[in-house]
Amino acid sequence: MIPTSPLQLDLVTTIPPDEARAFVKQHHYSEVMPRITKVCLGAYTGGGERLLGVATLGYGTRPLHTIRKLFPSLGVEDYFELGKLCLSDELLRNSESWFLSKIVRHLKQNHPSVRLLFSWADGIVGKPGYVYQAANFYYGGYIWTEMYLDKNGNRCHVRSIQGHPDLPQSAGKFKTRNYEAVHALGYTKYFGLQFRYVYPLCSKQEWERLQIESTEAWARGGYPKTANCVWKVQTGRGSRADCVLPAGIRTKYSIKQHAR
C-alpha cells in the first residue's frame, strides 16, 4: 500500500548488481540494463530500512568513442555514464535531485580520478531530462536516434534486429537500414532525440579547459522541454515523415524473443 504522505530518502550506499537489476525491473520505464555497469548505488529511507531508489554507473556500448567524441583529451577512466536513475513513486518530488547530489558526492569521495558524470535523456520516449536540469547539469545538445516497434508497441533493440534469424541474406550488411526486410518482420522504425547532459566532478579550471576543447557547447540553461521532443517515422526506403510519439510504447526490449 502506498503511504498517504511521501517518503524521504536518507541514505545512499553501494548495493549488489542483482539487487539493482531487480529494482530497475520493477520500477523503471525501461528494464534493460546498461551494457557495462561498474557501480550500483541504492537510496534508502529509514536509515537503510527500505530500498526506494537505484542508480547504475558505467558505460554504454562504445565507452571510448562516447567520451572522445565530446572531449578529445579524455579516456574511459575519466568519466562514468549514468545508466539508470530509478526511484519509487512513493518519494518526495525533489528526491531525484537529492539522489543525484549524493551520487556526485560518492564519486568525488570514492572515485577521485573521475572527472565527469555523463548521461543521456531519452527524448525519443518523451523525456527531455528535467531531473538533470533541476540538478544543475550542463546541457550539451542532442543526437538523432532510432527505435523499432512491433505491432504491439514493444521496442526491439537495433542489435536484435541485426541478429534476427528471419532476416534474409539479401538484406545486406546494414540489415537495420533495409526498410523492406525490417518491415516484413513486422517492425516500424521511429526516429527521435537523445539529449546530452554532463556534471563536472573536476576543478573549475579543469572544466573550463574541457569546455574549450569540447566539440559541443555546454551550458546551464537553454534546456530542452517536452515540446522539443520530436519524432519521425520511416515510410519507405530512404524516406521518413513527421509524427507524434507512438502510444503505448513498451520498453521491455524484445531481445530474447527471437532466440531459437
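As the structure is a computational prediction, the values presented were derived from the model and not from experiment. Note that the numbering runs from 1 along the sequence shown for the chain.
Residues Thr66 and Phe118 have side chains in contact (heavy-atom distance under 4.5 Å, counting atoms from C-beta outward). Tyr44 is listed as a side-chain neighbour of Thr13, based on a closest heavy-atom distance under 4.5 Å.
Under a cut-off of 6.0 angstrom, the local environment of OH in Tyr142 is sparse, with at most 12 non-hydrogen atoms contributed by other residues, nucleotides or ligands. For Lys225, the NZ atom counts as densely surrounded, since its 6.0 Å shell holds more than 12 non-hydrogen atoms of other residues, nucleotides or ligands.
Note: Arg62 CZ to Lys69 NZ = 8.0 Å, rounded to the nearest 0.5 Å. In this structure, NZ in Lys189 is found 12.5 Å from CE in Met147, a value given to the nearest 0.5 Å. Between Ile103 atom CD1 and Leu57 atom CG the span is 6.0 Å, to the nearest 0.5 Å. Considering NZ of Lys25 and SG of Cys86, their distance stands at 13.5 Å, rounded to 0.5 Å. The CD1 atom of Ile124 lies 10.0 Å from the SG atom of Cys229; values are rounded to the nearest 0.5 Å.
By the side-chain hydrogen bond (donor to acceptor under 3.5 Å, both in side chains) test, Thr45 is found to be paired with no residue, residues two or more places apart in sequence or in another chain being considered. Residues forming a side chain to side chain contact (heavy atoms under 4.5 Å, CB included) with Thr188 (at least two apart in sequence, or on another chain): Tyr190, Val233. Annotation: side chain to side chain contact (heavy atoms under 4.5 Å, CB included) contacts of Ser113 (sequence neighbours excluded): none. Checked against ring pair (Phe, Tyr, Trp, His ring centres under 6.0 Å), Trp231 has no partners two or more places apart in sequence or in another chain. Listed by chain and residue number, Ser239 satisfy the side-chain hydrogen bond (donor to acceptor under 3.5 Å, both in side chains) test with Thr235 (two or more places apart in sequence, or in another chain). Here Tyr223 pairs with nothing under the ring pair (Phe, Tyr, Trp, His ring centres under 6.0 Å) rule; sequence neighbours left out. Looking at residues two or more places apart in sequence or on another chain, you find a side chain to side chain contact (heavy atoms under 4.5 Å, CB included) between Thr37 and Pro34, Cys40, Thr56. With sequence neighbours excluded, the residues forming a side-chain hydrogen bond (donor to acceptor under 3.5 Å, both in side chains) with Trp218 are Ser214, listed by chain and number. Under the rule for a side chain to side chain contact (heavy atoms under 4.5 Å, CB included), the partners of Arg240 that lie at least two apart in sequence or sit in another chain are Phe191, Lys232.
Of all non-hydrogen atoms in Ser97 and Ala135, the two that sit nearest each other are OG-N, 4.2 Å. Shortest non-hydrogen contact noted between Trp98 and Leu11 is CH2-N, 3.7 Å. When every heavy atom of Glu213 is checked against every heavy atom of Pro72, the shortest pair comes out as OE2-N, 3.2 Å. Heavy atoms only, all atoms of each residue included: Leu9 and Ala43 are closest at CD1-CB, 3.7 Å. Taking every heavy atom of both residues into account, Leu116 and Phe71 meet most closely at CD1-CE1, 3.5 Å.
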Could you walk me through whether Leu87 and Phe99 pass side-chain contact (heavy atoms from CB on, under 4.5 Å), step by step? CA-CA 9 Å; Leu87 287 89; Phe99 194 10; 3.9 Å; yes

Could you walk me through whether Leu100 and Leu85 satisfy the side-chain contact (heavy atoms from CB on, under 4.5 Å) test, starting with their C-alpha distance in whole Å, then the side-chain angles of each, then the deciding distance to 0.1 Å, before giving a yes or no? CA-CA 9 Å; Leu100 281 169; Leu85 181 66; 4.0 Å; yes

Between Leu117 and Tyr132, is a side-chain contact (heavy atoms from CB on, under 4.5 Å) present by the stated rule, with each step listed? CA-CA 11 Å; Leu117 177 59; Tyr132 305 123; over 6 Å; no

Going through the checks in order, is the side-chain contact (heavy atoms from CB on, under 4.5 Å) test met by Val54 and Leu41? CA-CA 6 Å; Val54 161; Leu41 295 176; over 6 Å; no

Side-chain donor-acceptor pairs under 3.5 Å in residues 193-206, sequence neighbours left out?
{"residue": "Gln194", "atom": "NE2", "partner": "Asp122", "partner atom": "OD1", "Å": "3.4"}
{"residue": "Arg196", "atom": "NH1", "partner": "Gly140", "partner atom": "O", "Å": "2.8"}
{"residue": "Tyr197", "atom": "OH", "partner": "Pro128", "partner atom": "O", "Å": "2.6"}
{"residue": "Tyr197", "atom": "OH", "partner": "Gln133", "partner atom": "NE2", "Å": "2.9"}
{"residue": "Ser203", "atom": "OG", "partner": "Glu206", "partner atom": "N", "Å": "3.1"}
{"residue": "Glu206", "atom": "OE1", "partner": "Arg209", "partner atom": "NE", "Å": "3.3"}
{"residue": "Glu206", "atom": "OE2", "partner": "Arg115", "partner atom": "NH1", "Å": "2.6"}
{"residue": "Glu206", "atom": "OE2", "partner": "Arg209", "partner atom": "NH2", "Å": "3.0"}

Donor-acceptor pairs under 3.5 angstrom involving side-chain atoms of residues 74-82: please list them, not counting sequence neighbours.
{"residue": "Asp78", "atom": "OD2", "partner": "Gly75", "partner atom": "N", "Å": "2.8"}
{"residue": "Tyr79", "atom": "OH", "partner": "Pro63", "partner atom": "O", "Å": "2.7"}

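Without hydrogens or angle criteria, Tyr130 side chain to Thr226 main chain gives a donor-acceptor distance under 3.5 Å. A donor-acceptor pair under 3.5 Å is formed between the side chain of Asn110 and the backbone N or O of His106. Looking at Asp10, its side chain does come within 3.5 Å of a backbone N or O of Gly46 through a donor-acceptor pair.
Leu51 and Leu92 are assigned to two separate hydrophobic clusters, defined by single-linkage of ILVMFWY side chains at heavy-atom distances under 4.5 Å.
A centroid separation of 6.0 Å or more is found between the aromatic rings of Tyr148 and Tyr187.
Ion pair Glu90/Arg50 flagged as a salt bridge, since at least one NZ, NE, NH1 or NH2 atom sits closer than 4.0 Å to an Asp/Glu carboxylate oxygen.
Residue pairs satisfying the salt bridge (Lys or Arg N to Asp or Glu O under 4.0 Å) criterion with at least one member in residues 93-110, sequence neighbours excluded, are absent.
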